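Here's the structure we're looking at; comments come further down.
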Amino acid sequence: MRRFGFSTGALARGDFRRALELLRIHEIDAVELSALRLDEFEPLVSAITNLDLRRFSFVSIHAPSWFSPELERGVVNDLRLLAESGYPAVVHPNVIYTPEMWNELEGKLLIENMDKRKPIGRTVSEMRQIFDSLPAARFCFDIGHARQVDPSMTEASLLLNVFGDRLTEVHISEVNTASRHDPISWNAIKAFQSVAKYIPENVPIILEPLIDQGQSQIETEIQRAREALTTFSLAST
Ligand SMILES: [Zn+2]
């Protein structure tokens, strides 16, 4: 059975406590604590030891998506402390200014493939450049980004095949042309189904559709994600 969970940022922008509260009534045992904006990061780092996360079998942190190079040392130090407590960090390749520094996170560093706006991290060749300098880093596969970059899903299946041995987490949502994360559409479900077989069952799936303004419901999106990533084995049919 796949594990599905939510990004706190998709449920309540800038308010991880409220997001965790919203998840309480749902049978969800994976979560990503989002600090996508830099000003969310310090409050999350200082609060984490006091959050009740015992019900989750998987908890990751989303590092800020942008900060200046002068802040890199401080961010990595904080992420290293979180890594030592067992929390992996999802990081966008554009903030890896000094790869040697990030190697300190070893296997707790999850590099995410990017949407089409970014000049790096979108394709196998661009991701290979990043992983070459981060040998122990793992892979957070954003299936919505991959589909936006290549709607045929060819690049998505290549990413999964080439970096499958590093795959540790999956992000799922509909990524629209403006690169916003929307509720999952029927077309996205169909596209995602074509690569579901390359995603092992034990890899946690984190949902990112923004539903903080009532755009959809937690249950609805989990149902859609489940439909998108269900694999049918011939043996059981
Ligand atoms: Zn991300």
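FYI, side chains are in, hydrogens and waters are out, and symmetry mates aren't considered; it's all heavy atoms of this structure. Small disclaimer: the values here were computed from a predicted structure and weren't measured. Atoms within a ligand are numbered from 1 in the order they appear, just like the ligands themselves.
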Donor-acceptor side-chain pairing of T8 and E32 below 3.5 angstrom: no
Matching residue for E21 among R18, R24, R17 - test: salt bridge (charged side-chain N to carboxylate O under 4.0 Å, His left out): R24
Atom name of the N, O or S atom in H92 that lies nearest to the Zn ion (ligand 1): NE2
N/O/S from E112 sitting under 2.8 Å away from the Zn ion (ligand 1): yes
Hydrophobic cluster partners of L81 (side-chain heavy atoms under 4.5 Å): none
ring-ring contact (aromatic ring centres under 6.0 Å, His included) contacts touching residues 129-170 (sequence neighbours left out): F131-F163, F139-F141, F139-F163, H145-H181
Residue C140, metal the Zn ion (ligand 1), N/O/S under 2.8 Å: no
